[in-house]
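Proteins come first, then strands; the chains are lettered A, B, ... in the order of their sequence lines, and each starts at number 1.
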Amino acid sequence: MSRYNHRDVEPKWRERWAAAGVDRALSPEEAQDRPKAYILEMFPYPSGRIHVGHSRNYTMGDVIARFRRANGYNVLHPMGWDAFGLPAENAAMERGIHPKGWTNDNIAAMREQLKLLGLAIDWSREIATCDPAYYKHQQAMFLAFWKKGLVYRKKQKVNWDPVDNTVLANEQVVDGKGWRSGAPVETRELEQWMFRVTAYADDLLEAIAGLARWPEKVRLMQSNWIGKSQGAKIWWDIVQDPLLSSPFQGEESKSATGTPPPARGRLGGGPLPGAIEVYTTRPDTLFGASFLALAPDHPLTKAIAEHNPAVAKFIEDCARLGTSEADIEKAEKFGVDLGVRVRHPFDPDWILPVWGANFVLSTYGTGAIFGSPAGDQRDLDFANKYNLPFKPVVLPPGADAATHTITDEAFVDDGVIYNSRFLDGLSTKDAIKRAIEELVKLEKGEATTQWRLRDWGVSRQRYWGCPIPAIHCGKCGVVPAPEDQLPITLPDDATFDKPGNPLAHHPTWKHVSCPTCGGKAERETDTLDTFVDSSWYFARFTDPKNENAPFDPKLANYWLPVDQYVGGVEHAVLHLLYARFFTRAMRDCGLLQMNTNNGEPFASLFTQGMVVHEVYRQVEPVDTGGFVNAICKSVGEALDKPIGAVVQLMFENPAGPIGQIVHMGGWVLPEQRETLSQEFPGSVYLTGPIEKMSKSKKNVVDLDAFVQDYGADVARWFVLSDSPPERDVEWTAAGVKGAWNFVQRVWSLVDGYGHAAPKPSEHAPAMEPEAHALRQLAHRAIQSVTEDIEHFRFNVAVARCYELVNAIAKLKSEDSGSLFARGEALRILTQLIAPFMPHLAEQCWERLGFLPFVATAPWPEADPKLAARTTVTLPIQVNGKRRGEIEAAVGAAEADVRALALANPAVAQFLAGQTVRKVIVVPDRIVNIVAN
RNA sequence: GGCUCCGUAGCUCAGCUGGAUAGAGCGGGUCCGUCCUAAGGACACGGUCGGGGGUUCGACUCCCUCCGGAGCCGCCA
């Protein structure tokens, strides 16, 4: 008996698979009538090294890919690199390494690591988004989108770091300061390139309903993001405007209204100059209106602020408050009377005040609302604070009009309208319709649809991204770069020692002649958001070497949509939305047809949970005389605090009693904890088993070392075994040991069997009941594991394999029937674990006498006669308590079962002297007799 | 504040549309094994299924409510 040595076995099989080309996807012609299966995991950013946490995502995709292949599919399972992005540029700045070199080194290292996992990936299709051969097509696509009207330029507010002279992404702004420079971030208006995502807003929303194999959670997040809302625009005539009587009212440019000029003339509807446009979803509550409120940066608010110090101060206060989540949570509603008065659209004599209010967003709707306090909590809070009047106009179901009042809590649901003249008695829904009709008739408003979705700003003022193929000419304006000049490549000799965009201060790169007039012109120095790169890579995989086109439409049409996409929920909104947008835009530019799956790129989506690992942090109890930075109610909250923070722990903790004040120290490697405790006896450790693996938290388990110690199969088995795939799994030494023991156990069973296993076609000899029972269990395992994999229940499949192994080990007999049953069970076990632990399975397959690969062997089929249960044991209950059992044929008639149950001696004993009231027969499950 | 998910053995999780005495792995326990260490094997222990209420012949499963944990969105008019 030989011991299983993964250090020899794993590389051996990887070499043999590679030599035989088992992982190569077949062309449509080669595949003939095999169905196709495109399995894709979200491709990684080449950040350096991968750890066992990353492996989970790829292993899941790999299980599906191997399973589909065994089931006769032509499988495409590719891998590539999301290779542009900020970390490469930061490395360049910090360590003087060129982003290209840094990225390529990382890719090389990570490729080797991924290969260690034994993934069934077609490496001949590998792509990297930073490769000019890739982004050349992206630039061409950009030009095609531009021609199609899907690209435009727009002034947009950006976060500007005045020290580094660069634009910051939102996540690079920490507490209003640049993450690197620490300088307060300014808001600047810059001309930005935009993708017109909103052109597809309706389609993107409606198609969500057809994404049946996406998690409900993700579909919900997508529709919330798109945020369609139906409502009305209402125009409120201004009857008093402080600016009209202002001494400065000479400058005609200062339109007193601040409203944008009417889009259409009076006849076509639209606001008159001298009106404020408001968006609402609840025009039915118009008679409950008591004020208008404008955003602090509404043009009218800003105009008035120039002459009114109180308003100016209000705007300043709003700006200081910030917009981060925590700020919003705390922010109290406040506002200021702007001195403007407007007329109610339904009543010329009804005059309302206009306020500026901090809770009104300039970026949504029109930046102005009408306050109807009884029907909106925010409006009610505001009205209560400033003593604005209000009256209820919606009567909740079942409430009495005479007594119903509103004080602190608004009624926001549907009801019956009252106190509202011509709307009285209508339901909310009807009243909305009726109110809009009236608004249209009076030319005071119109029905409208509002979207939360905005167009996608794709400009990044950075070096390490795809150059935008545009040229700025003093005479001709912004013109597209000629297509025959693509790819516009990044200059290798850029420098990274100065702040700002290296492309912009490169001495020669941007200077070109204008393709239209031939005069002096400059290249666009912005590069594309890296989300653009990942918006079409899945299509490139279908034809990754094509030089003339992003992909051959025939190949794209053959492989797309992706049949199974696997990735983290963190991409549930943006990446998936952008990819859906791109698919539509590519279709409309004639690049692909996508007439299947509603034009959606991903037929089925699975969002997997992370691998988490224990973290340790040093904390020292201190006496600060009561001073604390924060009070923490959970371990997670405390662990989030920076080094040096003084926090009060309001939970049970190793540091001491609840309420203990501690000083947060650094992160500690799990294996260091012991030695550190001895070195520094006074310090204690905070333990959280809850953290995603990350270098900074020192809880990473490196893949190379792990594979060296335990093998790839152990890692693969473990990350799928302990927890449902959509949930997080905790990496533990005990779990690793369990997986390791299982590998050894499987091998010793297979190795110890010492025979060639029977082929699927062989007839079984006569056998003892124990052996037959093993056969039954093995065939049921096939059924169950097959379904478990189909439904992403990998942990359940793993549990079934444990069961099967236990059963195999239990059968000790050596007669021919037992040998057959055991050999067959071992063959089935080998095949069932093959998608999970391909190396071990391959070694077992060889030992059992099969050739050439379990990886290419067809998936085992369950013998229905063996898997099916012919008889079942039915428990008999009397008044809900189990009193006996009977054997009955599966699907036996109810009357027969009933008779059998009542005749059962054990049962009859309990029924003596009682009247049977009722007999409940649940077919093949249970019989319950109610008697008294 | 809204929405979603979760709470089952010491730990990590199964338990199908309501149906038996709630199952696995790991850990802990006893024994076998071994020159020693370890691998391995055998056996048993371990649960008021977060608390309370309801529906039902029957509830881990459905409903209500409370408690605890996680995630997403968020002054979106």
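- Between A20(B), C3(B), A24(B), one nucleotide has an atom nearer to the side chain of Leu220(A) than all others, and that is C3(B).
- Ile876(A) comes within 4.0 angstrom of no nucleic acid atom, judged by non-hydrogen atoms across all strands.
- Residue-level contact check: Val360(A) touches the bases, meaning some heavy atom is under 4.0 Å from a base atom.
- When the nucleotides C75(B), C72(B), G19(B) are ranked by their closest atom to the side chain of Met221(A), C72(B) comes out on top.
- Comparing Ile920(A) and Phe359(A) along RNA chain B, the residue whose closest nucleotide (by nearest heavy atom) sits nearer the 5' end is Ile920(A).
- Using C1' as the reference atom, G10(B) and C67(B) are 23 Å apart when rounded to the nearest Å.
- Taking every side-chain heavy atom of Lys918(A) into account, C57(B) is the closest of A20(B), A77(B), C57(B).
- In this model, the phosphate group of C76(B) is approached by a side-chain N or O of Arg378(A) to a distance below 4.0 Å at OP1 or OP2.
- Spacing of P atoms, U56(B) relative to G15(B), comes out at 28 Å, to the nearest Å.
- Remark: Asn741(A) is in phosphate contact with G40(B), judged by side-chain N or O atoms under 4.0 Å from OP1 or OP2.
- Note: CG (Leu720(A)) to C1' (G25(B)) measures 15 Å, nearest angstrom.
- A donor-acceptor contact under 3.5 angstrom links the side chains of Ser784(A) and Arg800(A), judged on distance only.
- Atom C1' of U4(B) sits at a distance of 24 Å from the matching atom of A77(B), rounded to the whole Å.
- Dashed line: the shortest gap from a side-chain N or O of Arg800(A) to OP1 or OP2 of A14(B) is not under 4.0 Å.
- One atom, CG of Asp376(A), and another, C1' of G2(B), lie 14 Å apart when rounded to the nearest Å.
- The number of heavy-atom neighbours closer than 6.0 Å to NZ of Lys433(A), taken from other residues, nucleotides and ligands shown, is 12 or below.
- If you measure from atom CZ of Arg452(A) to atom C1' of G2(B), you get 14 Å, rounded to the nearest angstrom.
- Taking a pair to require two hydrogen-bonding distances under 3.5 Å in either a Watson-Crick or a G-U wobble arrangement, A70(B) pairs with U4(B).
- Rounded to a whole Å, the NZ atom of Lys333(A) is 11 Å from the P atom of C75(B).
- Distance CH2 (Trp225(A)) to P (G2(B)): 22 Å, rounded to an integer number of Å.
- Taking the P atoms as reference points, A9(B) lies 14 Å from G23(B), given to the whole Å.
- Base pairing annotation: C75(B) forms no Watson-Crick or G-U wobble pair, as no partner gives both donor-acceptor distances under 3.5 Å.
- Following rounding to the nearest Å, Trp740(A) (CH2) and G40(B) (P) show an atom-to-atom distance of 10 Å.
- The residue Arg745(A) sits close only to the backbone: its heavy atoms come under 4.0 Å of sugar-phosphate atoms, none of a base.
- For the C1' atoms, the distance from G53(B) to G46(B) is 30 Å, rounded to whole Å.
- For the P atoms, the distance linking C36(B) with A44(B) amounts to 27 Å, nearest Å.
- Looking at His298(A), its side chain does come within 3.5 Å of a backbone N or O of Leu300(A) through a donor-acceptor pair.
- Here U34(B) sits opposite no nucleotide as a Watson-Crick or G-U wobble pair (both hydrogen-bonding atom distances under 3.5 Å).
- Phosphate contact (OP1/OP2 of A77(B), side-chain N/O of Tyr364(A), threshold under 4.0 Å): present.
- Phosphate proximity of G25(B) to Asn806(A): present, with a side-chain N or O under 4.0 Å from OP1 or OP2.
- A gap of 16 Å separates the P atoms of U30(B) and A39(B), to the nearest Å.
- With a 6.0 Å radius and a threshold of 12 heavy atoms from other residues, nucleotides or ligands, Arg898(A) has its CZ atom at or below the threshold.
- Using a distance-only test at 3.5 Å, with no hydrogens or angles considered, no donor-acceptor pair links the side chain of Arg716(A) to the main chain of Thr59(A).
- As judged by a 4.0 angstrom heavy-atom cut-off over every strand, Gln377(A) is placed among residues making no nucleic acid contact.
- Annotation: Tyr710(A), atom OH; neighbour count of heavy atoms from other residues, nucleotides and ligands within 6.0 Å does not exceed 12.
- Picking from A77(B), A14(B), G19(B) the nucleotide with the shortest atom distance to the side chain of Gln877(A) gives G19(B).
- Atom CZ of Phe390(A) is separated from atom P of A77(B) by 22 Å (rounded to the nearest Å).
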Quiz item: Stepwise, does the ring-ring contact (aromatic ring centres under 6.0 Å, His included) test hold for Phe742(A) with Tyr802(A)?
Solution: CA-CA 8 Å; Phe742(A) 183 72; Tyr802(A) 275 116; 4.7 Å; yes
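- For U61(B), there is no paired base (Watson-Crick or G-U wobble, both distances below 3.5 Å).
- Using a 4.0 Å heavy-atom criterion, one finds that Gly738(A) contacts the sugar-phosphate atoms exclusively.
- Counting distance only, with no hydrogens placed and no angle test, the side-chain atoms of Lys737(A) and the base atoms of C26(B) include no donor-acceptor pair under 3.5 Å.
- Of all nucleotides present, only U12(B) satisfies the Watson-Crick or G-U wobble test against A24(B), with each distance under 3.5 Å.
- Side-chain N or O atoms of Asp379(A) include one that pairs as donor or acceptor with a backbone N or O of Ser372(A) at under 3.5 Å.
- The residue among Asn224(A) and Ser721(A) whose nearest nucleotide of RNA chain B is located toward the 5' end is Ser721(A).
- A straight line from CG of Asn384(A) to C1' of C75(B) spans 16 Å, rounded to a whole angstrom.
- Taking the P atoms as reference points, A24(B) lies 16 Å from G41(B), given to the whole Å.
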